[in-house]
K.L.:
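One structure, as structure tokens, below. Some questions next.
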Amino acid sequence: MASKAHGVPADSLTNPLCAQLGIRYPVFGLAHSIEVAAAISNAGGLGVYAAARDGPNELARKLADLRALCPDAPVGVDLLLPTALPGAATPEDLAAAIPDGHRQFVDGLFDRFNVPPATEGNFFSQYVRSQALFEEQITAVVESRMDVFAAGVGTPAESLARVRRAGKTTFALVGAVKHARKAIEAGVDVLVAQGYDAGGHTGNVGTFTLVPQIIAAAQGRPVLAAGGIGAGSQIAAALAMGAQGAWLGTVWLGSAEHRLPAALTDKLVAATSEDTVITRAHSGKPCRVVRSAFSDAWEAPDAPAPLDMPYQQALTGRLLAAVEQHEIAPLMYEAAGQSVAWVREVEPVAQIMDRLVRETRQSLGQLRSYLPA
Ligand SMILES: Cc1cc2nc3c(=O)[nH]c(=O)nc-3n(C[C@H](O)[C@H](O)[C@H](O)COP(=O)(O)O)c2cc1C
């Protein structure tokens, strides 16, 4: 792993991985917003921009903008690279394969919630998740000035080798020991052990159970803990388990920089840990989201089974684009983990980071006080 010499002032939380990456705090944050990713990095953590919904040209521009927003701090980009998808396909190819019953079900949701059609396209109306698209996205990453690349789903060895040759530190999110083994074979530098509690695509092993097993399998590589983390006490617990940091997604949804529609923010602020569900209706793969009329509709007895990736998003893309554009509150949702309990108000990223760091220090101090001298 390439070492960065950013001359970051030392701090008691700056562990070896932080020093290697040139960051101050072992707090890693993923967000679908370059403003949020930059703010996390500027606050002393490492921000990672989730770019899976950017076409290649847009991605190159976004990464240049992200670099400009945090010129002096390390920052990263994340892509989803599932390997079992078509080599190449068009939105028309996918549309032709969607069963009529599924199409009628989605038309029914348009009618039931009075959703006007979308007048703006979205990622799913223009692109299909396919190996050809992933190659173009990887090229944009290779040519960017990102310090870190994270593979969210899948660890194709060739793509990771290209990114590593470009001098970037590679991370992979893993939800099971077998995924960690594959990531290690593919040459990944850092493993992110993401448990069942997490927002987004998730496996079925809880974070507390998963992290020690991934550390044991990591062959000395640094491991981060992810899934359900919203408080510094959990970051301290992750460090106590031997993780070199915590990777958080949901808490940043409550950041001012995210600028989510008000109805969605209200839903997230009101949600407790019990208000998230795992559904295949989002992407075709199990994904934890905040419960909404959309996830409820797919659970109803009359609902068809969600289609596999990439067909499910090709099916629901026009509905979800319209829901977003016209802000149809009941159907609005976002991926969210059980950590949504810590999204209590809208506050700047720097304030969230301050709280996490303060709480981590407090918990570590408390831990020391319990132990014999
Ligand atoms: C809104 C949202 C979107 C996410 N999108 C991605 C993604 O595109 N790529 C990825 O690797 N992980 C994604 N994740 C998962 C995060 O990387 C992270 O592992 C997870 O959020 C950790 O659990 P937490 O949500 O409880 O903090 C997403 C999570 C959320 C909440």
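For ligands, and for the atoms within them, numbers begin at 1 and follow the listed sequence.
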K.L.:
Would you mind listing which atoms of ligand 1 come within a distance below 4.0 Å of any non-hydrogen atom of Leu248?
P.N.:
27 (O)

K.L.:
Could you tell me whether Arg288 sits above the aromatic face of Tyr196, with NZ or CZ closer than 6.0 angstrom to the six-membered ring centre and within 45 degrees of the axis?
P.N.:
yes

K.L.:
Got the closest protein heavy atom to atom 27 (O) of ligand 1, with its distance?
P.N.:
Gly249 N, 2.8 Å

K.L.:
Judging by distance only, is a nitrogen or oxygen of Gln194 under 3.5 angstrom from one on ligand 1?
P.N.:
yes

K.L.:
Would you mind checking if Asp72 and Arg67 are paired as a salt bridge, meaning a charged N to carboxylate O distance below 4.0 Å?
P.N.:
no

K.L.:
Tell me which protein heavy atom sits closest to atom 24 (P) of ligand 1, plus the residue, atom name and distance to 0.1 Å.
P.N.:
Ser339 OG, 3.4 Å

K.L.:
Give a yes or no on whether a salt bridge exists between Asp65 and Arg61, defined as a side-chain N under 4.0 angstrom from a carboxylate O.
P.N.:
yes

K.L.:
Which residue and non-hydrogen atom of the protein lie closest to atom 15 (C) of ligand 1, and at what distance in Å?
P.N.:
Gly199 O, 3.3 Å

K.L.:
Report the part of His201 in contact with ligand 1, treating N, CA, C, O as backbone and CB onward as side chain, heavy atoms under 4.0 Å; options are side chain, backbone, both, neither.
P.N.:
neither

K.L.:
Does the pair Arg221/Asp189 count as a salt bridge with the N-to-O cut at 4.0 Å?
P.N.:
no

K.L.:
What atoms of ligand 1 come within less than 4.0 Å of a heavy atom belonging to Leu173?
P.N.:
11 (O), 12 (N), 17 (O), 19 (O)

K.L.:
Does Arg112 come within less than 4.0 Å of Asp107, counting only side-chain N to carboxylate O?
P.N.:
no

K.L.:
Decide, yes or no, whether a salt bridge links Lys62 with Glu58 under the criterion of side-chain N to carboxylate O below 4.0 Å.
P.N.:
yes

K.L.:
For ligand 1, which atoms, with element, lie under 4.0 Å from some heavy atom of Gly228?
P.N.:
23 (O), 24 (P), 26 (O)

K.L.:
Return the residue, atom name and 0.1 Å-rounded distance of the protein heavy atom closest to atom 7 (C) of ligand 1.
P.N.:
Asp78 OD1, 3.6 Å

K.L.:
For ligand 1, which atoms, with element, lie under 4.0 Å from some heavy atom of Gly227?
P.N.:
22 (C), 23 (O), 26 (O)

K.L.:
Would you mind telling me if ligand 1 is within reach of the side chain of Leu80, the backbone, both or neither, using heavy atoms under 4.0 Å?
P.N.:
side chain

K.L.:
Can you tell me how far CG of Leu17 sits from CZ of Phe28, rounded to the nearest 0.5 angstrom?
P.N.:
4.5 Å

K.L.:
How far is atom 17 (O) of ligand 1 from its nearest protein heavy atom, and which residue and atom name does that atom have?
P.N.:
Trp247 NE1, 2.9 Å

K.L.:
In terms of residue, atom name and distance, what is the protein heavy atom nearest to atom 5 (N) of ligand 1?
P.N.:
His32 NE2, 3.0 Å

K.L.:
Does a side-chain N-to-carboxylate-O contact under 4.0 Å join Arg280 and Asp308?
P.N.:
yes

K.L.:
With a heavy-atom distance limit of 4.0 Å, tell me whether Leu30 approaches ligand 1 through its side chain, its backbone, both, or neither.
P.N.:
side chain

K.L.:
Which protein heavy atom lies closest to atom 25 (O) of ligand 1, and at what distance to 0.1 Å?
P.N.:
Thr250 OG1, 2.5 Å

K.L.:
Please determine which of Val163, Asp147, Val148 meets the side-chain contact (heavy atoms from CB on, under 4.5 Å) test together with Thr169.
P.N.:
Val148

K.L.:
Working to the nearest 0.5 Å, report the span between OG of Ser233 and CD of Gln362.
P.N.:
9.5 Å

K.L.:
If hydrogens are left out, which of Ala150, Ala198, Gly195 has an atom nearest to atom 23 (O) of ligand 1, that is, the closest non-hydrogen atom?
P.N.:
Ala198

K.L.:
Relative to ligand 1, is Ala50 under 4.0 angstrom through side chain, backbone, both or neither, heavy atoms considered?
P.N.:
side chain

K.L.:
Mind telling me whether His282 and Tyr333 have parallel, tilted or perpendicular rings, with 30° and 60° as the class edges?
P.N.:
perpendicular

K.L.:
Could an N or O of ligand 1 be found under 3.5 Å from any N or O of Ala226, whether backbone or side chain?
P.N.:
no

K.L.:
May I ask you to identify, for Glu334, whether its side chain, its backbone, both or neither come under 4.0 Å of ligand 1 on a heavy-atom basis?
P.N.:
side chain

K.L.:
Starting from atom 2 (C) of ligand 1, which protein heavy atom do you reach first, and at what distance in Å?
P.N.:
Ala335 CB, 3.6 Å

K.L.:
Tell me whether Glu359 is salt-bridged to Arg355, with the criterion being a basic N under 4.0 Å from an acidic carboxylate O.
P.N.:
yes

